[in-house]
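Step one of this worksheet: look at the structure below.
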Amino acid sequence: MSERPRLAVIGAGPAGLVAALAAAARGVSVVLVDAAPEAGGQFYRQPAAGLGARRPQALHHQWRTWRRLRDGLAAHVGAGRITHLTEHHVWCVEREAASFAVHALLGPEQEESVVVRADAVLLATGGYEKVLPFPGWTLPGVVTAGGAQAMLKSGLVLPGRTAVVAGTGPLLMPVAVGLAAAGAKVAALVESADPRGFLRHARVLAAHPDKLAEGALYAAELARYRVRVHVRHTVVAAHGTDRLEAVTVAALDSDGRVREGSEWRVPCDSLAVGHGMLPHTDLAETLGCRLDGVNVAVDDEQRTDVPGVWAAGETTGIGGAALAMAEGRIAGLSIAARLDSRAPEPHSCARAAKARAGLRKFFAAVDNVCTPPDRWAERVGDDTLVCRCEEVPAAAIREAVDELGAGDVRTVKLLTRAGMGWCQGRMCGPAVAGLAGCPPTPARRPFARPVPLGVLAREPGDAS
């Protein structure tokens, strides 16, 4: 690049793309930094080019919106207003006087690092799935719901021929439909929430007929593929020797306990399971941004409390692609104005602000209903692995609390090594906190991903 970029957007999902386009259209020089080989994020994840997918739109919802974003990105890249850095895995963002240094590892091997320097940063790092442990969850064939969807979208492969989709949350329905449409037999969709809970939020839900129609469409597709849906049920165990062979499903009572005598087995070779999502906040925490619970706290312009840092999309609260795009547009317009030492014009983001407010209410209602069963920890046997990286069983966590006096997640981690492995607690963190009876706490990691010592030992290159 011949000139210094003014904005670094980290993440090329819906929020990052819309923000980059909005800022670039208003004269901001943008560097879009993303770990994937193509833009789109998890929602618009694309098949690998070498697979030659003839109808990639069949794997996606809102394909027309994706084409608009893709074409807009191509136009801005061609005009030199956006530089799109693919396969750049950001591991740290540093403040340097009045600017920022974005450190990224390059390519699949991730053995070299470059630095992108910018006057402002937008964190659009998305979210990741929450999975709570149960006996057998480490068997080959058990994947996250989003993982199954990613396998299908990017690799055009199925996790198995006979699948069960289980857990809670709005992601389960599109995953089940996608697997069935691709040729898998979906033996059951197991949802632990009680759909009658939505009646408490009827007014909020009725304000979004498009979302209700989307849900009705997925329900119709499940019926067409003859997928049996079991609500107020859960998978209590997965069975198999070398790989998954079956799961045990059981009904739940109003307190989240398994109803005695309600268990039955479902033969399957794959289980796609998820219990909601959590925001990626590692980079925000490193920069010192304030969190609101587990989300990055932002103001009406999507600004964090760290000057020069904005955040949009799932990192500020899980809410799907439409909410992420509304937040991304607001952030992009704010950045363009603030870098020009002025306030954004209210009318420019009025529609996006209205959409943001409504969608936040909608997904708050969904989150209120689609929560994991209160008594899930009671069903986790002492020998069930909770931290897969360090092979820490539930018994060790319970011992740390009951016998060694651990009163917070950090102490449990120090006593058991739960969360000290490769994933740094991203996978097991919620489960460790739940079993220990402690609230989850921010990790404040210095790095957002593992970094080779050689990268730290030598001066990185400069991509800006």
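Source: prediction; values computed, not measured.
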Could you tell me which residues satisfy side chain to side chain donor-acceptor pair (under 3.5 Å) with E403, sequence neighbours excluded, listed by chain and number?
-> none

With a 4.5 Å heavy-atom cut-off, do T315 and N295 have their side chains touching?
-> no

R417: what forms a salt bridge (Lys or Arg N to Asp or Glu O under 4.0 Å) with it, not counting sequence neighbours?
-> E390

Closest non-hydrogen atom pair between A12 and D34, with its separation = N-OD1, 3.0 Å

Spacing of CG belonging to D194 relative to OG belonging to S254, to within rounding of 0.5 Å | 9.5 Å

Donor-acceptor pair, S113 side chain versus A104 backbone, under 3.5 Å?
-> yes

Which residues satisfy the ring-ring contact (aromatic ring centres under 6.0 Å, His included) test with F447, sequence neighbours excluded?
-> W91

Establish, yes or no, whether the cationic atom of K185 lies under 6.0 Å from the six-membered ring centre of Y225 and within 45° of the ring axis.
-> no

If you look only at distance, which donor and acceptor atoms sit under 3.5 Å apart when one is on a side chain in residues 121-135 and the other is two or more places apart or in another chain?
| from | atom 1 | to | atom 2 | distance (Å) |
| --- | --- | --- | --- | --- |
| T125 | OG1 | H280 | O | 3.2 |
| E129 | OE1 | T144 | OG1 | 2.7 |
| E129 | OE1 | G146 | N | 2.7 |
| E129 | OE1 | G147 | N | 3.4 |
| E129 | OE2 | A145 | N | 3.2 |
| E129 | OE2 | G146 | N | 2.9 |

Can you find a heavy atom in the side chain of W137 that is under 4.5 Å from one in the side chain of T384?
-> yes

Contacts of type side chain to side chain donor-acceptor pair (under 3.5 Å), residue T411, not counting sequence neighbours | D408

Can you tell me how far CZ of R449 sits from CG of D282, rounded to the nearest 0.5 angstrom?
-> 10.0 Å

Can you run down the ring pair (Phe, Tyr, Trp, His ring centres under 6.0 Å) pairs that involve residues 407-437, sequence neighbours left out, and say none if there aren't any?
-> none

Less than 4.5 Å apart, any side-chain heavy atom of R68 and any of T65?
-> yes

By salt bridge (Lys or Arg N to Asp or Glu O under 4.0 Å), D255 pairs with (sequence neighbours left out) R257

Just grab all the salt bridge (Lys or Arg N to Asp or Glu O under 4.0 Å) pairs involving residues 216-227, residues at least two apart or on different chains.
-> E221-R224

Results of salt bridge (Lys or Arg N to Asp or Glu O under 4.0 Å) for D299 - residues two or more places apart only | R303

With a 3.5 Å cut-off and sequence neighbours excluded, list the donor-acceptor pairs that the side chains of residues 157-170 form with protein atoms.
| from | atom 1 | to | atom 2 | distance (Å) |
| --- | --- | --- | --- | --- |
| R161 | NH2 | G183 | O | 3.3 |
| T168 | OG1 | E191 | OE2 | 2.6 |

Please confirm whether the backbone N or O of R259 pairs with a side-chain atom of S262, one donor and one acceptor, at under 3.5 Å?
-> yes

Rounded distance (nearest 0.5 Å) linking atom NE2 of H89 with atom CD1 of I10 | 13.5 Å

Mind checking the CG-CE spacing from L189 to M173? Nearest 0.5 Å is all I need.
-> 7.5 Å

List the steps and the verdict of salt bridge (Lys or Arg N to Asp or Glu O under 4.0 Å) for D269 and R243.
-> CA-CA 8 Å; D269 60 5; R243 64 167 293 112; 5.3 Å; no

Show me the donor-acceptor pairs, under 3.5 Å and distance only, between side chains in residues 229-239 and residues at least two apart or in other chains.
| from | atom 1 | to | atom 2 | distance (Å) |
| --- | --- | --- | --- | --- |
| H233 | ND1 | V231 | O | 2.6 |
| H239 | ND1 | R265 | NH2 | 3.4 |
| H239 | NE2 | T248 | OG1 | 2.6 |

Heavy-atom side-chain proximity of L69 to V18 below 4.5 angstrom = yes

Result block: side-chain N/O donor-acceptor pairs under 3.5 angstrom for residues 360-369, not counting sequence neighbours:
| from | atom 1 | to | atom 2 | distance (Å) |
| --- | --- | --- | --- | --- |
| R360 | NE | E327 | OE2 | 3.4 |
| R360 | NH2 | Q302 | OE1 | 3.3 |
| R360 | NH2 | E327 | OE2 | 3.1 |
| N368 | OD1 | R200 | NH2 | 2.9 |
| N368 | OD1 | H201 | NE2 | 3.1 |

